[in-house]
Amino acid sequence: MPQEGAPAWEILPQAAKPGEVILSKRNELGLLSNFAPTPFVFHGRSYASLEGFWQAMKYPENADDARATFPGLKWEYTRAQVEQMTSFAAKRAGDLAETNMAAMKITWVTFEGHRIEYRPLQPGDHYHLIVAATWQKVLQNPNVRRVLLSTGKLVLKPDHYQEPDAPAAWRYYDILMDIRKHLQNNLSPDGKDEFRWESRKDDR
């Protein structure tokens with residue numbers, strides 16, 4: 001598969017080294033991408049994709065949200081609309097939201113009214129939320145689980161270039177390998193399929 005014609009961000013399947021596999025959107029492994037239309041329910045809300053879940057956290061939760069009341073900002077979408085997006089549409093919605101976050105000079109997103117650092121130096125609530133939501137994507141979509149298990153012991157690699165020091169939540173391939181290990185060994189998720197606020201600082 002030639003690199004010519006491929007977008008600059010893409011890492012093609014043939015770039016995989018021995019023992020690796022690229023999670024390419026060009027084949028069935030694309031189901032494992034955050035962009036894939038793999039609907040799931042998490043904490044009572046429905047999401048069309050993991051990307052929709054991720055990007056929606058950048059949007060105001062209600063009319064009283066500090067982001068909704070900040071003067072001069074326009075939000076192109078509602079949080080509920082972003083939750084039902086997939087692929088590049090969800091990513092673009094998130095990019096628009098980040099422009100507003102920069103205008104506000106904030107580095108947090110929210111979930112259930114709690115402010116969460118978006119790019120913490122150490123894995124925090126945002127990471128644990130992404131892990132929990134990824135578990136639900138796998139558990140609620142049989143084809144996703146089948147494709148993940150079909151990779152056996154191969155090292156999963158992203159199909160796009162990432163910054164060397166990307167936060168743990170960005171390394172979806174590592175999260176998926178941890179889930180795969182649990183599934184292969186018939187182990188319970190050790191609570192990773194859940195996310196609770198007990199014992200967490202309430203910073204609403």
Side-chain angles (χ1 to χ4, degrees), residues 1-40 42 47-55 57-58 85-95 98 109 118-187 189-190 192-193 195:
M1 188 177 296
Q3 183 67 43
E4 183 179 353
W9 58 262
E10 186 176 11
I11 301 172
L12 293 174
Q14 65 265 29
K17 298 175 182 177
E20 299 178 347
V21 66
I22 304 295
L23 299 182
S24 176
K25 299 177 182 66
R26 294 175 179 267
N27 55 46
E28 193 176 39
L29 290 171
L31 281 174
L32 303 180
S33 166
N34 290 352
F35 279 23
T38 48
F40 63 95
F42 185 66
Y47 300 90
S49 68
L50 202 57
E51 192 69 17
F53 171 79
W54 182 301
Q55 304 299 347
M57 285 192 279
K58 300 173 182 177
M85 291 180 179
T86 65
S87 191
F88 289 99
K91 177 64 168 61
R92 283 192 293 269
D95 290 343
E98 286 199 36
V109 294
Y118 184 55
R119 297 177 65 95
L121 294 177
Q122 298 296 326
D125 283 345
H126 183 263
Y127 170 75
H128 295 298
L129 271 170
I130 297 301
V131 170
T134 304
W135 262 107
Q136 289 308 312
K137 166 183 169 170
V138 173
L139 294 175
Q140 295 179 37
N141 289 275
N143 278 338
V144 173
R145 178 174 179 147
R146 175 183 59 79
V147 170
L148 178 60
L149 289 173
S150 75
T151 62
K153 294 185 178 180
L154 292 172
V155 176
L156 307 184
K157 292 291 185 177
D159 74 335
H160 58 280
Y161 296 98
Q162 292 189 319
E163 56 198 86
D165 58 347
W170 273 247
R171 299 196 291 271
Y172 66 103
Y173 40 94
D174 287 339
I175 294 171
L176 287 167
M177 283 192 289
D178 184 64
I179 292 174
R180 183 183 67 186
K181 181 179 178 180
H182 277 75
L183 295 176
Q184 288 171 334
N185 292 285
N186 296 312
L187 298 175
D190 297 328
K192 292 179 183 177
D193 60 336
F195 184 88

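For reference, positions follow the sequence shown, starting with 1.
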[X]: partners by side-chain hydrogen bond (donor to acceptor under 3.5 Å, both in side chains), with sequence neighbours left out:
X    : result
K157 : none
T151 : R180
N27  : none
R145 : none

Who passes ring pair (Phe, Tyr, Trp, His ring centres under 6.0 Å) against Y173, sequence neighbours left out? none
Suppose we screen for ring pair (Phe, Tyr, Trp, His ring centres under 6.0 Å). Which residues come up paired with F40, at least two apart in sequence or across chains? Y47
Salt bridge (charged side-chain N to carboxylate O under 4.0 Å, His left out) involving [X] - partner list, sequence neighbours excluded:
X    : answer
E28  : R146
K181 : none
R92  : none
K58  : E98

May I ask you to decide if S49's main-chain N or O and N34's side chain share a donor-acceptor pair within less than 3.5 Å? no
Okay, side chain of Q140, backbone of P39: is any donor-acceptor separation there less than 3.5 Å? no
Please determine whether side chain to side chain contact (heavy atoms under 4.5 Å, CB included) holds for the pair L23 and L176, giving the CA-CA distance in whole Å, both sets of side-chain angles, and the decisive distance to 0.1 Å. CA-CA 11 Å; L23 299 182; L176 287 167; 4.1 Å; yes
Is the Y161 to W170 ring centre distance short of 6.0 Å? no
Surrounding NZ of K91 (heavy atoms of other residues, nucleotides or ligands, distance under 6.0 Å), is the total greater than 12? no
Exceeds 12 heavy-atom contacts within 6.0 angstrom, atom CD of E163: yes
Of all heavy-atom pairs between Q55 and A90, which one has the smallest distance, and what is that distance? CG-O, 3.2 Å
P7 versus R26, closest heavy-atom pair with distance: CD-NH2, 4.4 Å
With salt bridge (Lys or Arg N to Asp or Glu O under 4.0 Å) as the rule and sequence neighbours excluded, what pairs involving residues 167-176 come up? R171-D174
Tested for side chain to side chain contact (heavy atoms under 4.5 Å, CB included) against V144, the lone hit among L139, T134, V138, I179 is V138
Side-chain heavy-atom pair [X], [Y] within 4.5 angstrom cut-off:
X    : Y    : answer
V155 : V21  : no
I130 : M57  : yes
L32  : L148 : yes
Y172 : L50  : no

[atom1]/[X] to [atom2]/[Y] distance, rounded to the nearest 0.5 angstrom?
X   : Y    : atom1 : atom2 : result
K17 : I22  : NZ    : CD1   : 9.5 Å
T38 : Q136 : OG1   : CD    : 12.0 Å
E10 : D159 : CD    : CG    : 6.0 Å

For the residue pair F53 and F42, does the interplanar ring angle fall in the parallel (under 30°), tilted (30 to 60°) or perpendicular (over 60°) class? perpendicular
Using the rule given for side chain to side chain contact (heavy atoms under 4.5 Å, CB included), can you reason through E51 versus T86, listing the C-alpha separation, both sets of side-chain angles and the distance that settles it, and then say yes or no? CA-CA 6 Å; E51 192 69 17; T86 65; over 6 Å; no
ring-ring contact (aromatic ring centres under 6.0 Å, His included) pairs touching residues 8-38, sequence neighbours excluded, are W9-F88, F35-F88
